[in-house]
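What follows is a single structure, written as structure tokens, with notes after it.
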Amino acid sequence: MDKRDLIADVLKKIAILLELKGENAFKIRAYRTGSEIVETYSGDIIKLALDDDLKNIKGIGTALAQKIHELAATGKLEYFENLKSEFPQSIFNLFNISNLGPKKTKILYDQLGIDSIPKLKQFCESGEVGEISGFGKKSVSKILDSISFHEDNANTFRSGDVAPIAENILEFLRSHPDTEQATIAGSYRRGKEILHDLDFIVSTKSPESIIHSFTNMNTVAEIISKGSTKSSIRLDNGLQCDLRAVSNAEYPFTLNYFTGSKGHNIQIRALALNKGYKLNEYGLIPKGDTDSSISDSIHTESDLYEALGLKMIHPCLRENSGEIEASAENKLPKLVTLENLRGTFHNHTTASDGKNTLEEMTEAAKDLGLQYLGISDHSKSSVQANGLSTERLLAQIKEIQSLNNSSPNDFRIFSGVECDILKDGTLDYDDEILAKLDYCVASIHSSFSLTEKEMTSRVIKAIENPNVTMIGHLTGRLLLSRKPYSINVPKVIDACASNHTHIEINANPRRLDMDWRWWRQAKDKGVKCSINPDAHRIEHFQFLHFGVKIAQKGWLEPNDIINCLPLNEIESTLNKKQNL
DNA sequence: GCCGTTTTCGGCCCGACTGTTTTCAGTCG
């Protein structure tokens with residue numbers, strides 16, 4: 001953890017402990033805000049802290065400036081150490097359990113001494129929690145559900161969270177003088193949204209030297225195993241990392257074997273057997289002839305697939321879901337790439353809860369080489385997100401018009417909104433207001449607990465509105481922290497197909513929603529996709545990278561994705577529904 | 001805690017939902 005992360009983490013933990021103590025809510029918010037500022041400040045905040053020059057940053061006052069300075073200078077904070085000593089360390093984990101906030105956590109801690117998830121589970125099951133005033137049967141059952149969800153996801157990581165760590169280690173391995181080739185295999189390479197570990201493959205003439213360096217990285221918390229060509233470590237964040245060091249000749253086979261998935265590997269090995277070969281992670285060997293090998297003619301994965309009579313299969317497709325058959329018949333999709341994207345929808349500005357202004361977002365989109373940018377701030381019911389009143393929305397439309405008028409013709413801002421779908425399926429603005437917009441992303445931000453039937457018809461009602469262009473984050477899931485709400489996805493897909501309504505891939509790595517497992521079905525029905533970063537600041541445009549991976553896992557091609565359309569074609573697509 | 005200022009302290013986002021309780025507190029977004 002670097003210094004900036006450490007400071008942000010300490011401030012966040014102070015907020016949690018102050019909540020437990022029942023401190024003033026605004027004081028708590030000040031620490032949370034402070035933590036976010038440290039995390040995201042675009043400048044050398046450590047230097048500012050050391051120079052005692054933080055006071056000009058809005059949100060950092062005298063007290064926080066002093067504490068951040070102490071942390072930057074010494075790596076510690078006396079105030080936090082004192083606060084921390086009042087509670088057991090394990091209590092932070094209780095804040096990962098949904099339906100349990102600071103007040104209830106404090107009651108459980110005070111009355112039953114519950115300070116960890118195992119204790120919480122024990123006291124829920126014994127019935128003691130249910131006897132406390134304010135806790136009833138349903139509360140206990142909800143807490144147990146949350147614990148069980150939390151347990152099921154132990155030792156799992158969101159790919160988006162792991163990506164910077166993974167790329168750092170890869171860079172470290174690639175810069176090693178004995179490394180010839182290096183890459184990350186496993187589920188990370190397949191573009192999975194949730195990971196259990198990272199698999200690194202290196203080709204080298206000196207495997208011991210690579211493994212020595214790998215196991216001595218400064219982020220290693222534990223060496224699980226260490227041999228001459230293979231090692232496993234656990235990082236200080238709990239993530240397990242495996243390394244295989246092989247020769248250049250073995251590299252494509254090792255890479256292929258450790259990219260998996262298991263089902264994919266089983267299938268292609270069977271295919272190899274049928275052709276008279278044995279395939280393992282070291283080579284492709286003619287059966288019954290251990291001395292000879294055809295491996296010499298195979299230098300890449302593409303060569304390997306070709307030797308088996310297949311076209312190269314993109315790693316994202318290797319889930320044993322028809323990709324081998326499609327490859328054999330030369331019917332693999334020509335997958336979308338990041339370079340195919342021409343614009344993006346579902347982006348926020350400071351008008352609602354974004355951190356960058358309309359102008360800053362526009363410049364950032366231009367810098368990325370995009371041809372258009374859709375702005376969709378929150379609607380009025382999302383009070384917590386500073387949703388736009390009708391008047392503010394109309395004013396934003398004018399502001400965008402004037403920016404467009406002053407901008408060259410090869411870039412365009414589209415006026416949209418992320419409109420709340422209310423509990424009864426109606427939308428948050430009247431139709432005549434929505435009709436003034438270029439497009440509308442309709443999303444759910446409230447009433448998550450409806451039955452599947454209610455939720456499905458609620459969303460379908462929105463889909464049937466002629467002003468709704470696309471549905472945002474369809475299931476509302478937050479990976480590893482909140483389950484999707486009950487909704488019949490196939491019915492929604494059908495409704496989108498018959499109402500010419502698109503579905504987004506929300507590319508925020510915490511969401512990645514709609515899930516890649518549904519996209520082939522959507523594609524078959526003719527439903528188009530929009531890959532959206534749900535950007536709340538300019539850096540979030542990078543989320544598009546994760547969205548593209550999900551689209552690839554869903555077998556999507558540029559033709560399936562509306563924001564691959566060039567500027568001169570996108571507008572008619574956005575208007576298509578109203579003109580039907 | 002921070003901010004803005006009528007410079008010494010009041011305002012700081014707030015409504016929906018849920019479960020529990022019987023009028024409301026806690027959680028969530």
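To find a chain, count down the sequence lines: A is the first, B the second, and so on, and within it residues start at 1. Not measured: the values here are computed from a predicted model.
- By the 4.0 Å N-to-carboxylate-O rule, E151(A) lies close enough to K121(A) to be salt-bridged with it.
- Interface residues of residues 91-116 of chain A facing DNA chain B, ordered by number: S98(A), N99(A), L100(A), G101(A), P102(A), K103(A), K104(A); criterion, heavy-atom separation under 4.0 Å.
- The separation between Q384(A) atom CD and dC28(B) atom C1' is 9 Å, rounded to whole Å.
- Residue L94(A) holds its CG atom at 7.5 Å from CG of D115(A), rounded to the nearest 0.5 Å.
- Side-chain atoms of I503(A) and M470(A), non-hydrogen and from C-beta on, never get closer than 4.5 Å to each other.
- Atom CZ of F448(A) and atom P of dC28(B) are 11 Å apart (whole Å).
- Within the structure, every side-chain polar atom (N or O) of Y485(A) is placed at least 4.0 Å from both OP1 and OP2 of dC17(B).
- Rounding to whole angstrom units, CG of residue D424(A) and P of dC17(B) are separated by 10 Å.
- With respect to the salt-bridge test (charged N to carboxylate O, under 4.0 angstrom), the residues E78(A) and K67(A) do not qualify.
- Here R458(A) does not pair with D424(A) in a salt bridge; the nearest charged N to carboxylate O distance is not below 4.0 Å.
- Taking a cutoff of 4.0 Å between a charged side-chain nitrogen and a carboxylate oxygen, D515(A) and R477(A) qualify as a salt bridge.
- For dT23(B) and dC17(B), the C1' atoms lie 16 Å apart once the distance is rounded to whole Å.
- Contact between the side-chain N/O atoms of S139(A) and the OP1/OP2 oxygens of dT20(B) is found at a separation under 4.0 Å.
- Residue-environment remark: NZ (K461(A)) exceeds the threshold of 12 foreign heavy atoms within 6.0 Å.
- Within residues 19-29 of chain A, the residues approached by DNA chain B to less than 4.0 Å at the level of any non-hydrogen atom are F26(A), K27(A), R29(A), in residue-number order.
- Rounded to whole Å, atom P of dA25(B) lies 19 Å from atom NZ of K142(A).
- Counting non-hydrogen atoms under 4.0 angstrom, S381(A) reaches nothing in the nucleic acid.
- Atom-to-atom, CG of D377(A) to C1' of dG29(B) comes out at 16 Å; the value is rounded to the nearest Å.
- To the nearest whole angstrom, the two P atoms, one in dC13(B) and one in dC2(B), are 15 Å apart.
- When the C1' atom is compared between dT5(B) and dC12(B), the two are found 15 Å apart, to the nearest whole Å.
- Regarding H378(A), its NE2 atom lies at a distance of 12 Å from the P atom of dG29(B), rounded to whole Å.
- Look at dG26(B): its Watson-Crick or wobble partner, with both distances under 3.5 angstrom, is dC17(B).
- The phosphate of dC17(B) (OP1 or OP2) has a side-chain N or O of S447(A) nearer than 4.0 angstrom.
- Counting only heavy atoms from C-beta on, L64(A) has its side chain closest to dC2(B) among dG4(B), dG19(B), dC2(B).
- Remark: the separation of the C1' atoms in dT22(B) and dG15(B) is 22 Å, to the nearest Å.
- The interatomic distance linking I16(A) (CD1) with dT27(B) (P) rounds to 13 Å, in whole Å.
- Contacts of T33(A) with the nucleic acid, taken as non-hydrogen atoms under 4.0 Å apart, are absent.
- Two residues, L478(A) and A30(A), neighbour DNA chain B, and the one matched to the more 5' nucleotide by heavy-atom proximity is A30(A).
- Atoms NZ (K137(A)) and P (dT20(B)) sit 10 Å apart, rounded to a whole Å.
- Taking atom P in both dG11(B) and dT6(B), the straight-line distance is 15 Å, to the nearest Å.
- One P atom belongs to dC14(B), the other to dT8(B), and the distance between them is 27 Å to the nearest Å.
- In this structure, S449(A) and S133(A) both approach DNA chain B, and ranking their closest nucleotides by distance from the 5' end singles out S449(A).
- Ion pairing between R517(A) and E193(A) holds under the 4.0 Å rule for side-chain N and carboxylate O.
- Taking the charged nitrogens against the carboxylate oxygens, E86(A) and K21(A) do have a contact shorter than 4.0 Å, which makes a salt bridge.
- A donor-acceptor pair under 3.5 Å is absent between the side-chain atoms of D430(A) and the main chain of I433(A), judged by distance alone.
- The pair K47(A)-D44(A) fails the salt-bridge criterion, with no side-chain N (NZ, NE, NH1 or NH2) lying under 4.0 Å from an Asp/Glu carboxylate O.
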